[in-house]
2 protein chains.
Amino acid sequence: MKIGLRHIRYFLVLAEDLNFRRASEHLHISQPALTRTIQHLEAELQVTLFDRSQNFVRLTDAGRAFREGGQRVLNGMEATIDLTRRVSIGEAGALRVGYTDFAIADALPELLKRFHQEHPGITVRPHHGVTATQIQELKDDKLDIGFVTGPVRQPGFHSRVVQTDRPICIVPEGHRLASRKSVALGDLADEDFVHGPAEAWAHFYDYLFPLCRKAGFQPRIVQEAFNSVGILGLVSCGMGITILTESIYDFGTGGLVPLPIRDVADVMVTEAVWASENLRLPTQHFVDFLESQDSG
Amino acid sequence: MKIGLRHIRYFLVLAEDLNFRRASEHLHISQPALTRTIQHLEAELQVTLFDRSQNFVRLTDAGRAFREGGQRVLNGMEATIDLTRRVSIGEAGALRVGYTDFAIADALPELLKRFHQEHPGITVRPHHGVTATQIQELKDDKLDIGFVTGPVRQPGFHSRVVQTDRPICIVPEGHRLASRKSVALGDLADEDFVHGPAEAWAHFYDYLFPLCRKAGFQPRIVQEAFNSVGILGLVSCGMGITILTESIYDFGTGGLVPLPIRDVADVMVTEAVWASENLRLPTQHFVDFLESQDSG
DNA sequence: TTTCATGATACCTATTATGCATCAGAAACT
DNA sequence: AGTTTCTGATGCATAATAGGTATCATGAAA
């Protein structure tokens, strides 16, 4: 015979009542059934859990230890059943979200915050990754939703624009262009450029460099930084100028001058991407949530 | 039907093998029995735990949640059974130990340390209390072992001397007696005395004052401190002198002069006390341990 | 003493779990 | 194409387990 949850349930009620008859009534079984269940439990444990006499029933030290542990086991069982049910209807679970430097700088934080308010049981697990990596991870089912630099046209995937970024030119205070209201791309032909992190920002430069070429020049890169803070730092100490997006510039401040680029109409879009079939429930909820963000 | 540990065990093996036939072999049951147990489990949960097809079996998200929780429940059950068995044979459990200021100052710490080495599964729960309180708590089964100021001759209790203390006179540096090698009790008749915490040290003064009376004087108390550190502090700033035990004096140092009292033969004993019947197993182990400390 | 309450036991029934034989569908091999 | 060989599911009979009723033994209270 094996110990089951039934034994624990009966034991705990008896440990509470310390009276076989009353406990058996609370359990809606007969008193002999309870007596035997406890006997079987004690036999299986090879431990006496109750001191019995005709006058009183009381827990032994071992019985007290079993009561604590048994209560924990029962609570754990209940919690597990509840969680499992909630996961099965999508009220709980994990959502694996990929993001780029650009997504995390603007749309994503607010989006995830609102999603969490609507679905507090769903844990968001963020994974940093460039666009190409995220697309691959979506295909490998390592990711549920990607936030990537678009536009994305992958067969088997849906996408939705969540953020548009305009390029902006950043120069240090005192720079020859610092007093301008705006610049044209061609004005920057002879400048030294500080470059963003090469791999992570590949998509951004895929967007930017063709624009420069159209304006008749190839940016002269003199420094490469590891992240956006690094770029702005290098610019502010006069190593050069840079072009990045408004949302990323919002993070930095001191000693820098932002200049709109008036002759660039193209925007860089960040899109949410997800598989078009067999969505996990948390993913479906996130997609529904994204769709609902139009009206809201 | 109710979910039992059997369902969890079967589920976990299947979740490992992801193959009904192999899992059923590992469980030493037939494949149909496993199939139906999982069906019952899913029916009871109202949750699909496995995606089945003829080609593959794999966990759903809910199944993964149930696997984690179920594993925890099973581990908890195993740990509980083990702990209960260990408690029942006295390998684990709690020992409620009472102690006085005098016991904690000398014999007790080393004793408990050695006991813990021999019985690492037994948690010692210390309770501070004066002798009278401890005796009452022993009678009320609120304490397993008391360390009290003796001698104790309580019917229904056994005791054993664990520590003997000689009284010692403490005077501040520069005191008229400070240059002596030792004093007689009678030399202190005209001194001002700093008194220990009245209630906690009642037994000590029950031992000390009769000795003074025999020496022909009644100590003149000018200050009462809350604990031994307070006593020594008051003495060192010249409020008076005091008499306490060597072990307690060992705690303090600066600015004080200890003087043996040469004409006092009586010692103050600290004893371990325990009920003589119906000992809990941890208590029995401690008593056996105490007895073994002779030879060691 | 009698009465009442306790927990334990005997015996039978109901429920549940299991094994065996078999089915149905898909893949792999001939 | 046909056959074999996996897969998991199902029907039915059996075994194991849990439960109910009646009753006993013992100690406390009336």
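Chain identifiers are assigned alphabetically (A, B, ...) following the order of the sequence lines, protein sequences preceding nucleic acid strands; residue numbering begins at 1 within each chain. No hydrogens, no waters, no symmetry mates; every other heavy atom, side chains included, goes into these values.
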Would you say C:dA8 has OP1 or OP2 under 4.0 Å from some side-chain N or O of A:T35?
yes
Would you say A:S24 reaches D:dG19's phosphate, i.e. side-chain N/O to OP1/OP2 under 4.0 Å?
no
In whole angstrom, give the distance that lies between atom NE2 of A:H40 and atom P of D:dG19.
11 Å
Establish, from distance only, whether the side-chain atoms of B:D101 and B:W201 form a donor-acceptor pair under 3.5 Å.
yes
Considering only distance and modelled atom types, tabulate donor-acceptor pairs under 3.5 Å from the side chains of residues 68-78 of chain B, sequence neighbours left out.
from	atom 1	to	atom 2	distance (Å)
B:Q71	NE2	B:N75	OD1	3.1
B:N75	ND2	B:Q71	O	3.3

Among C:dT18, D:dT7, D:dG20, which nucleotide sits nearest the side chain of B:R22?
D:dT7
Can you figure out which of D:dG8, D:dT21, C:dT6 approaches the side chain of A:P32 most closely?
D:dT21
Side chain to side chain donor-acceptor pair (under 3.5 Å) between A:Q31 and A:T35, intermediate numbers included
CA-CA 6 Å; A:Q31 170 262 314; A:T35 290; 2.9 Å; yes
Produce the list of close N/O pairs, under 3.5 Å, pairing protein atoms with atoms of nucleotides 12-17 of chain D; give distances to one decimal.
from	atom 1	to	atom 2	distance (Å)
D:dC12	N4	B:R36	NH2	3.3

For the side chain of B:E137 and the backbone of B:K142, is there at least one donor-acceptor N/O pair under 3.5 Å apart?
no
Base, sugar-phosphate, or nothing for A:Y10, non-hydrogen atoms under 4.0 angstrom?
sugar-phosphate
In terms of side-chain heavy atoms of B:N19, which of C:dA17, D:dT7, C:dA8 is nearest?
D:dT7
Between B:F115 and B:H119 (judged by ring centroids, cut-off 6.0 Å), do the two rings come close enough to count as a pair?
yes
Provide, to the nearest angstrom, the distance between the CG atom belonging to B:L34 and the P atom belonging to D:dT10.
14 Å
OP1 or OP2 of D:dT10 sitting under 4.0 Å from any side-chain N/O of B:Q31?
no
Could you tell me whether B:E91 and B:R85 have a side-chain N and a carboxylate O separated by less than 4.0 Å?
no
First encountered from the 5' end of DNA chain D, between A:H28 and A:R21:
A:H28
What is the separation between atom CZ on A:F56 and atom P on D:dA29, rounded to the nearest whole Å?
13 Å
